[in-house]
Asker: 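The structure's right below; bear with me while I get my questions together.
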Amino acid sequence: MSKPILGMDLADLGEAIGAGQPAYRARQLYQAVYREGASDLQQITTLPAAVRNDLAGRFALGLPTISHLYESIDGTRRYLLGLEDGRTVETVLMPEGDRDTICISSQVGCPVDCKFCMTALLGLERSLTAGEIVGQVLLVVRENQLPQGSRLNIVMRGQGEPLLNLPNVVKATRILLDPNGFGLSPRRITVSTAGIIPKIEELGREPIRPKLAISLNASTEESRQELMPITRKYHLNDLMEVCRAYPLRPWEKLTFEYVLLRGVNDSDADARRVVRLLAHLNCKVNLIALNPGPDIPYRTPEPERVLSFQEIVRRAVPCFVRKPRGLDIYAACGQLKRAADADLVAISMAPL
């Protein structure tokens with residue numbers, strides 16, 4: 001199995017291309033792969049044929065392959081992507097108006113075991129490499145001919161807990177944000193975490209990093225530990241302290257995500273407790289009414305309950321209700337659970 005080029009930064013590519021070549025060859029390769037979206041090493045005609053042949057003999061580009069594409073009636077596209085070791089991971093494209101959002105995965109499966117999330121049922125198989133993280137973006141951009149400018153948002157809310165794969169997430173982020181690489185704005189990439197406190201602190205020390213979103217999902221310690229067992233190690237009061245200390249950039253707010261479960265965490269009292277938790281933070285709240293799925297023992301709240309919760313929270317903190325996307329193809333938040341479950345719902349499937 002050839003070593004993949006994807007995931008290499010400029011220094012890595014300088015070593016790969018060899019000491020006998022001028023330094024600008026590595027820059028040409030870097031820009032061709034990440035900015036121009038080359039799909040084959042032999043296509044990079046800015047490199048001499050001898051260099052291309054040498055690279056192709058020792059390396060593979062490393063893009064994932066599309067195993068299946070599921071298309072929603074609302075325009076959402078859910079990709080099942082094949083990796084070099086035969087495993088698969090899911091990536092979702094959500095076009096909306098004048099912008100596109102790509103939801104990418106950081107691990108194959110997830111170790112966090114949130115009780116309202118279908119991905120948790122997979123368990124964890126392994127973490128993705130930096131190249132496999134970047135490759136999801138490059139492939140979806142290429143397949144849909146998306147512009148790489150201000151219309152594109154990247155969110156790491158797919159399979160996995162990104163902060164438990166922090167070195168690869170950070171390296172992928174640097175490539176995606178590099179003006180000489182993919183060229184995304186730091187305002188356009190967000191990583192979502194269940195609240196891994198030591199890793200939040202570590203992320204905050206990174207000079208180049210994505211925006212941070214934290215899955216809150218409960219207003220009390222007891223409820224949060226029941227819904228998100230991993231939080232038994234990372235207590236709510238400690239999480240709030242870390243959030244207060246987090247080094248936000250001048251334009252940045254923390255985002256707190258809150259999945260509303262009928263009769264569990266959606267009461268007015270819960271909303272008031274959320275206000276007390278977050279009132280002194282520079283933040284906003286995204287509310288997500290539970291996206292239903294099989295094997296999930298919770299129900300979606302009524303729309304009026306969602307609006308009542310929002311009204312209470314937004315008196316103190318900006319609060320938005322996230323619109324579900326791709327419900328008919330199990331592509332909505334918390335629903336990614338592998339194509340093997342496609343028979344659970346009638347969907348439009350296009351095998352490639």
Side-chain angles (χ1 to χ4, degrees), residues 1-8 12 16 33-34 37-43 55-71 76-93 102-113 117-144 154-172 175-176 293-295 326 329-331 334-345 347-352:
M1 185 182 298
S2 299
K3 187 176 181 180
I5 288 287
L6 273 185
M8 293 187 182
D12 297 331
V33 170
Y34 297 120
S39 57
D40 188 292
L41 291 173
Q42 292 287 7
Q43 292 179 351
L55 286 170
R58 295 185 293 122
F59 299 96
L61 184 59
L63 275 172
T65 59
I66 303 175
S67 298
H68 287 100
L69 166 63
Y70 306 90
E71 299 190 69
T76 298
R77 293 185 163 195
R78 172 187 174 209
Y79 290 86
L80 180 74
L81 299 180
L83 307 175
E84 279 292 317
D85 63 358
R87 291 181 170 87
T88 57
V89 74
E90 291 184 314
T91 304
V92 178
L93 169 65
I102 304 175
C103 178
I104 62 175
S105 297
S106 56
Q107 296 178 308
V108 182
C110 186
V112 175
D113 195 27
C117 180
M118 289 175 63
T119 310
L121 301 176
L122 294 171
L124 176 67
E125 294 188 26
R126 68 168 174 86
S127 290
L128 298 182
T129 66
E132 290 167 336
I133 294 170
V134 173
Q136 296 171 72
V137 176
L138 296 182
L139 186 71
V140 173
V141 165
R142 186 191 73 185
E143 289 297 309
N144 295 275
I154 306 297
V155 294
M156 291 191 198
R157 293 195 186 106
Q159 292 178 351
E161 165 52 65
L163 297 196
L164 293 179
N165 186 21
L166 190 57
N168 288 312
V169 164
V170 167
K171 189 172 186 179
I175 292 168
L176 291 170
D295 304 318
I329 57 168
Y330 278 62
Q335 287 191 323
L336 298 185
K337 193 177 175 287
R338 217 58 86 72
D341 293 319
D343 58 345
L344 297 172
V345 63
I347 60 178
S348 170
M349 183 174 73
L352 300 182

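Residue numbers count from 1 along this sequence.
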Asker: Testing N168, V89, V112, L124 for side-chain contact (heavy atoms from CB on, under 4.5 Å) with Q107, which one passes?
Answerer: L124
Asker: Would you compute the distance between atom OG1 of T91 and atom CD1 of I133 and round it to the nearest 0.5 angstrom?
Answerer: 10.5 Å
Asker: Side chains of F59 and M8: does their closest heavy-atom pair fall under 4.5 Å?
Answerer: yes
Asker: Within the structure provided, determine whether E143 and Y79 are in side-chain contact (heavy-atom separation under 4.5 Å).
Answerer: yes
Asker: What verdict does the side chain to side chain contact (heavy atoms under 4.5 Å, CB included) test give for E161 and S106, after you've listed the backbone C-alpha separation in whole Å, the side-chain angles of each residue and the deciding distance to 0.1 Å?
Answerer: CA-CA 7 Å; E161 165 52 65; S106 56; 5.8 Å; no
Asker: Got V169 and L163 here, is their nearest side-chain heavy-atom distance under 4.5 Å?
Answerer: no
Asker: For G82 and S67, which heavy atoms make the closest approach, and how far apart are they?
Answerer: N-OG, 3.7 Å
Asker: Look at the side chain of E132 and the backbone N and O of T129, then say whether any donor-acceptor pair between them is shorter than 3.5 Å.
Answerer: yes
Asker: Please lay out, stage by stage, how L69 and R77 fare under the test side chain to side chain contact (heavy atoms under 4.5 Å, CB included).
Answerer: CA-CA 7 Å; L69 166 63; R77 293 185 163 195; 3.8 Å; yes
Asker: Quick check: do C110 and Q159 have side-chain heavy atoms less than 4.5 Å from each other?
Answerer: no
Asker: Between the side chains of K3 and D12, is the shortest nitrogen-to-carboxylate-oxygen separation below 4.0 Å, so that they form an ion pair?
Answerer: no
Asker: Could you give me the CA-CA distance, side-chain angles and deciding distance for L61 and D40, then say whether side chain to side chain contact (heavy atoms under 4.5 Å, CB included) is met?
Answerer: CA-CA 6 Å; L61 184 59; D40 188 292; 5.7 Å; no
Asker: Under a 4.5 Å cut-off applied to non-hydrogen side-chain atoms, are E90 and L81 in contact?
Answerer: no
Asker: Assess the residue pair I102 and V141 against the criterion (side chain to side chain contact (heavy atoms under 4.5 Å, CB included)); give the C-alpha distance rounded to whole Å, side-chain angles, the decisive distance to 0.1 Å, and a yes or no.
Answerer: CA-CA 9 Å; I102 304 175; V141 165; 4.0 Å; yes
Asker: Report yes if some heavy atom in the side chain of L93 is under 4.5 Å from a heavy atom in the side chain of N144; otherwise report no.
Answerer: yes
Asker: Could you grab the distance from atom NZ of K171 to atom CG of L166, nearest 0.5 Å is fine?
Answerer: 13.5 Å
Asker: Side chains of L83 and T88: closer than 4.5 Å at any heavy-atom pair?
Answerer: no
Asker: Once rounded to the nearest 0.5 Å, what's the spacing between atom CE of M156 and atom SG of C103?
Answerer: 10.5 Å
Asker: Determine yes or no for a side-chain-to-main-chain donor-acceptor pair under 3.5 angstrom, with Y34 supplying the side chain and V134 the backbone.
Answerer: no
Asker: Is the closest side-chain heavy-atom distance between I104 and L128 below 4.5 Å?
Answerer: no
Asker: When you measure from the side chain of N165 to the backbone N and O of S127, does any donor-acceptor pair fall under 3.5 Å?
Answerer: no
Asker: Output yes when a side-chain donor or acceptor of S2 lies under 3.5 Å from a complementary backbone atom of A60, and no otherwise.
Answerer: no
